[in-house]
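Working notes, structure below.
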Amino acid sequence: MQERLGVKIAIIKRQLKIESTTALDDQYLDLELNNCIGNMISIGFNDSGKHFEYTESHFIPGQFAFTQLIKY
């Protein structure tokens, strides 16, 4: 387990999926001809099983690479 700022990170759950675009995606991403986005959701839990972190990242599918290296 990794401890940062007094929080012991027990597990991170990540989900990658393709979704239809929203108005915010159209506004902030240079989608060109794309009508979908990739969405990565990351949820962190502490050693008590309590949810403490949520991150959602939208990206253009053809411009994304996912590499994960975790060391606790």
Side-chain angles (χ1 to χ4, degrees):
M1 265 181 275
Q2 180 81 16
E3 184 172 350
R4 294 193 181 189
L5 301 175
V7 175
K8 291 183 181 176
I9 302 168
I11 192 165
I12 302 291
K13 176 183 175 184
R14 289 208 172 97
Q15 180 181 47
L16 292 162
K17 56 187 176 177
I18 302 297
E19 299 178 338
S20 299
T21 60
T22 66
L24 284 175
D25 296 320
D26 293 333
Q27 182 179 353
Y28 290 106
L29 296 174
D30 185 13
L31 295 170
E32 295 179 0
L33 299 177
N34 291 293
N35 65 353
C36 63
I37 53 100
N39 185 4
M40 182 169 69
I41 297 172
S42 182
I43 304 170
F45 296 88
N46 68 12
D47 60 336
S48 298
K50 200 169 217 178
H51 169 233
F52 72 90
E53 184 256 357
Y54 177 90
T55 304
E56 190 168 338
S57 303
H58 290 202
F59 55 87
I60 300 168
Q63 300 176 4
F64 176 78
F66 180 70
T67 304
Q68 186 173 29
L69 175 64
I70 298 175
K71 181 180 177 185
Y72 291 111

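Values reported hereafter were calculated over all heavy atoms of this structure, with side chains retained and with hydrogens, waters and symmetry mates removed.
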query = Where do Pro61 and Cys36 come nearest, in terms of heavy atoms and distance?
reply = CD-O, 3.7 Å
ask   = Is Asn34 close to Thr21 at the side-chain level, that is, under 4.5 Å between some pair of heavy atoms?
value = no
task = Decide side-chain contact (heavy atoms from CB on, under 4.5 Å) for Asn46 and Lys8; before the verdict, give the C-alpha distance in whole Å, the side-chain angles of both, and the deciding distance to 0.1 Å.
result = CA-CA 5 Å; Asn46 68 12; Lys8 291 183 181 176; 5.6 Å; no
request  = Please examine the side chains of Ile11 and Lys13, heavy atoms only from C-beta on, and report whether any two atoms are closer than 4.5 Å.
outcome  = no
query = Closest approach of Arg14 and Ser42, non-hydrogen atoms and distance?
reply = NE-OG, 3.4 Å
ask   = Ser57: what forms a side chain to side chain donor-acceptor pair (under 3.5 Å) with it, not counting sequence neighbours?
value = none
task = Scan for ring pair (Phe, Tyr, Trp, His ring centres under 6.0 Å) pairs involving residues 21-50, sequence neighbours excluded, and state none if there are none.
result = Phe45-His51
note = Taken in chain and number order and not counting sequence neighbours, the residues that satisfy side chain to side chain contact (heavy atoms under 4.5 Å, CB included) with Thr22 are Leu24, Asp25
query = Between CD1 of Ile37 and CD1 of Ile18, what distance do you get to the nearest 0.5 Å?
reply = 7.5 Å
inquiry  = Once ring-ring contact (aromatic ring centres under 6.0 Å, His included) is applied, do any residues pair with Phe64, and if so which ones, sequence neighbours excluded?
reply    = Phe59
request  = Could you pull out all residues at least two apart from Glu56 that satisfy side chain to side chain donor-acceptor pair (under 3.5 Å)?
outcome  = Asn39, Tyr54, His58
inquiry  = If the condition is salt bridge (Lys or Arg N to Asp or Glu O under 4.0 Å), which residues does Lys17 pass it with, not counting sequence neighbours?
reply    = Glu19
